[in-house]
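Presented below is the structure to which this report refers.
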Amino acid sequence: MKILIVEDDATMLRGRKDNFEFKSYRVLTATDGEDGLEAALSHRPDLIVLDIMLPKINGYEVCRLIRAEGL
């Protein structure tokens with residue numbers, strides 16, 4: 001299973017990434033909404049853990065754009 005974590009807080013991102021990798025998930029990360037959107041569309045993860053308050057594009061807009069693409 002492939003998981004994308006979009007989080008701008010480095011400590012939170014590292015903690016979440018470590019927890020999922022400990023359970024043997026493949027983890028992709030992004031630190032802003034623009035990179036998160038690009039990663040979601042190009043890698044098509046099975047699960048996205050998406051922060052709401054992100055730089056560049058907020059999490060609500062990222063979610064809307066991902067859903068518009070049919071993911």
**Prompt:** Between CG of Leu71 and CZ of Arg44, what distance do you get to the nearest 0.5 Å?
**Reply:** 4.5 Å
**Asked** If you measure from OG1 on Thr11 to CG on Leu13, what distance do you get to the nearest 0.5 Å?
**Response** 9.5 Å
**Prompt:** Under a 4.5 Å side-chain heavy-atom rule over Ile, Leu, Val, Met, Phe, Trp and Tyr, are Met1 and Ile5 clustered together?
**Reply:** yes
**Side chain proximity check, Leu37 to Ile66, heavy atoms < 4.5 angstrom** = yes
**Heavy-atom pair with the smallest gap, counting every atom of Leu4 and Ala30** = CD1-N, 4.4 Å
**Asked** Any side-chain heavy atom of Glu69 sitting closer than 4.5 Å to one from Leu65?
**Response** no
**Message:** Could you check whether any side-chain heavy atom of Val49 comes within less than 4.5 Å of a side-chain heavy atom of Phe20, counting everything from C-beta outward?
**Reply:** yes
**Nearest-0.5 Å distance, NE2 of residue His43 to CD of residue Glu38** = 7.5 Å
**Asked** Roughly how far, to the nearest 0.5 Å, is CZ of Phe22 from NZ of Lys17?
**Response** 14.5 Å
**Item:** side chain to side chain contact (heavy atoms under 4.5 Å, CB included) partner of Lys2, chosen from Leu28, Ile48, Leu47, Val27
**Value:** Leu28
**Request:** Over all heavy atoms of both residues, which pair between Ala40 and Pro45 is shortest? Give the atoms and the distance, please.
**Result:** O-CD, 3.5 Å
**Prompt:** In the single-linkage hydrophobic clustering (I, L, V, M, F, W, Y; side-chain heavy atoms under 4.5 Å), do Val62 and Leu41 co-cluster?
**Reply:** yes
**Item:** Atom CD of Glu21: over 12 foreign heavy atoms under 6.0 Å
**Value:** yes
**Sidechain-backbone polar pair: Asp8 side chain, Asp32 backbone, donor-acceptor under 3.5 Å** = no
**Prompt:** Counting distance only, does the side-chain N/O of Asp51 pair as donor-acceptor with the main-chain N or O of Leu54 below 3.5 Å?
**Reply:** no
**Fill in**
Separation between SG (Cys63) and CD1 (Ile57), nearest 0.5 Å, reads 12.5 Å
